[in-house]
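All remarks here apply to the structure that follows.
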Number of protein chains: 2
Amino acid sequence: MTEEQKTPEINILNAAKEIFERKGMAAARMQEIADEAGINKAMLHYYYRSKQLLFEAVFKSAFSMLAPQLNEIINADTSIFEKIRNFSSNYISFVIKHPYLPNFIIQELNRNPDFVKKLVAEKNFPNISKFKQQVNEKVADGIIKPIKAEQLFINIISLNIFPFIGALLLTGFINVNEEAYKQLMEERKTEVADFIINAIKLK
Amino acid sequence: MTEEQKTPEINILNAAKEIFERKGMAAARMQEIADEAGINKAMLHYYYRSKQLLFEAVFKSAFSMLAPQLNEIINADTSIFEKIRNFSSNYISFVIKHPYLPNFIIQELNRNPDFVKKLVAEKNFPNISKFKQQVNEKVADGIIKPIKAEQLFINIISLNIFPFIGALLLTGFINVNEEAYKQLMEERKTEVADFIINAIKLK
DNA sequence: AAATTTGCTAACCATTAGGTTAAACTAAAT
DNA sequence: ATTTAGTTTAACCTAATGGTTAGCAAATTT
């Protein structure tokens, strides 16, 4: 898993991502990250001072990979149905490639609630006001059933993210192997959007 | 937060639940659990040998609180629409009272994938075969739109669980305070079922 | 070429955390 | 009253872990 990297900073960051995302901040060991990066443990401190700072760098980097995806659904200049289709398809494709990412973010956010406030304060933090306006419009126009934009947003996010966070639990419940579950996720690239649109479209 | 308990075992278990569910296995400290329980640290080992065993007791207890909820949707002798309504309402009511529980389970399951296998092997582990059959029937009868039972199941679980696991993230995105978010969750007791039923019902 | 800064390593340090132990205390049984 | 079994505590032990340091090597600067 250890590929050559341009700079030691990036090399360390990637190794730390790997370990932090899989184990979480508390369970991750600096030595393990050093091994993954193929370097001496002291180097981690040389480049990133402390575990906390290294963790924050990883977290920021991880979060900044997800934020653009969310802005897609929020600020794109497309119809609401198209947004839902695009987001579901794109997001699921993305997460299939980074399976530990959503769980990592949720987990660490829960462990450190103040972190949310810091994130919200930053620019580029997704804001749903545009999406909200769009939903309200379509409801008023009789194109979609009455629904609060907040609830619809929560539903979209839930249907797209949870199947990855709860993958292990769900494979247990529906009693399929990893391969079959992956296949289900592939299907969801279109399935989820269909489901949502069916739920809200006024025929 | 420290109330009098019947037996020291239960007292310890409750304290451990509190800490483990909030911080996770790795970040939880035995001393912290002892403090929460109002006892000496050695007592934890006296009654539960090791951190690992104490953790497993907590996990089992937590999981066994959720399993019955799931059997509701899976094995009840009611119509599929009723199941969805009952489950959503009951589950959300339950989790509002135990907000850390789902996150804890998911998190520790992800950290220790082999745990799933152990759980699945146990009796009382939910099995969706009955639900599956019911869905297929209704699809064949033209009562609901064609959908794989597995996908519907994943959707139901996602819509009910994720809003609690991702609460902090979602409050950030939709920019509401804790109180307003709780209100949204209250609404979801009926909102979620309506959404799902709209999505699948053939009119 | 000498000096100096930067990158890197091995050994070390201090603290923390899980776990143990031996002694003390309590209360029931003899 | 004495024994005995179960319970509780303080003090201790050991391993692991995040972090530091002193020195060396390789560039970079002057």
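Sequence lines set the chain letters: A, B, ... in the order given, protein chains first and strands last, and positions in each chain run from 1.
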Could you write out each protein N or O paired with an N or O of nucleotides 8-13 of chain C at a distance under 3.5 Å?
from    : atom 1 : to     : atom 2 : distance (Å)
dC8(C)  : OP2    : Y47(A) : OH     : 2.5
dA10(C) : OP2    : N40(A) : ND2    : 3.3

Mind calculating the distance between CG (L44(B)) and P (dT20(C)) to the nearest angstrom?
13 Å
In whole angstrom, what separates F55(B)'s CZ from dA17(C)'s P?
18 Å
Regarding A28(A), tell me which of base, sugar-phosphate or nothing describes its non-hydrogen contacts under 4.0 Å with the strands shown.
sugar-phosphate
Output one line per pair: protein atom, nucleotide atom from nucleotides 22-24 of chain D, and distance, for all N/O pairs under 3.5 Å.
none

Please give, in whole Å, the distance from dT20(C) C1' to M30(B) CE?
13 Å
In whole angstrom, give the distance that lies between atom CG of D35(A) and atom P of dT17(D).
12 Å
Rounding to an integer number of Å, can you tell me how far M25(A) CE sits from dT17(D) C1'?
12 Å
If you measure from the Lys or Arg side-chain nitrogens to the Asp or Glu carboxylate oxygens, is any gap between K130(B) and D77(B) under 4.0 Å?
yes
Member of Q107(B), R111(B), Q52(B) meeting the side chain to side chain contact (heavy atoms under 4.5 Å, CB included) criterion with M25(B)
Q52(B)
How are the rings of F104(A) and F59(A) set relative to one another: parallel (under 30°), tilted (30 to 60°) or perpendicular (over 60°)?
tilted
Nearest whole angstrom, please: distance from the P of dT14(D) to the NZ of K51(B).
21 Å
Give the C-alpha distance, both sets of side-chain angles, the deciding distance and a yes or no for side-chain hydrogen bond (donor to acceptor under 3.5 Å, both in side chains) between Q31(A) and D35(A).
CA-CA 6 Å; Q31(A) 185 59 59; D35(A) 292 346; 3.0 Å; yes
Looking at S93(A) and K189(A), what are the two nearest heavy atoms and their distance?
OG-CE, 3.3 Å
What donor-acceptor contacts under 3.5 angstrom involve side-chain atoms of residues 159-171 of chain A, with partners at least two apart or in another chain?
from    : atom 1 : to      : atom 2 : distance (Å)
N160(A) : ND2    : S88(A)  : OG     : 3.3
N160(A) : ND2    : I156(A) : O      : 3.0
T171(A) : OG1    : A167(A) : O      : 3.1
T171(A) : OG1    : L168(A) : O      : 2.8

Whole angstrom value for the distance that separates P of dT6(C) from CD of E9(A):
13 Å
Check step by step if ring-ring contact (aromatic ring centres under 6.0 Å, His included) holds for F125(A) and F173(B).
CA-CA 8 Å; F125(A) 188 84; F173(B) 285 152; 5.4 Å; yes
Validate the cation-pi geometry between K83(B) and F131(B): distance from NZ or CZ to the six-membered ring centre under 6.0 Å, angle to the ring axis within 45°.
no
Answer yes or no: does a side-chain N or O of R29(A) lie under 4.0 Å from OP1 or OP2 of dG18(D)?
yes
Q31(B) atom CD is separated from dG19(C) atom C1', nearest whole Å, by 12 Å
Salt bridge check, E191(B) against K148(A): does any charged N sit closer than 4.0 Å to a carboxylate O?
no
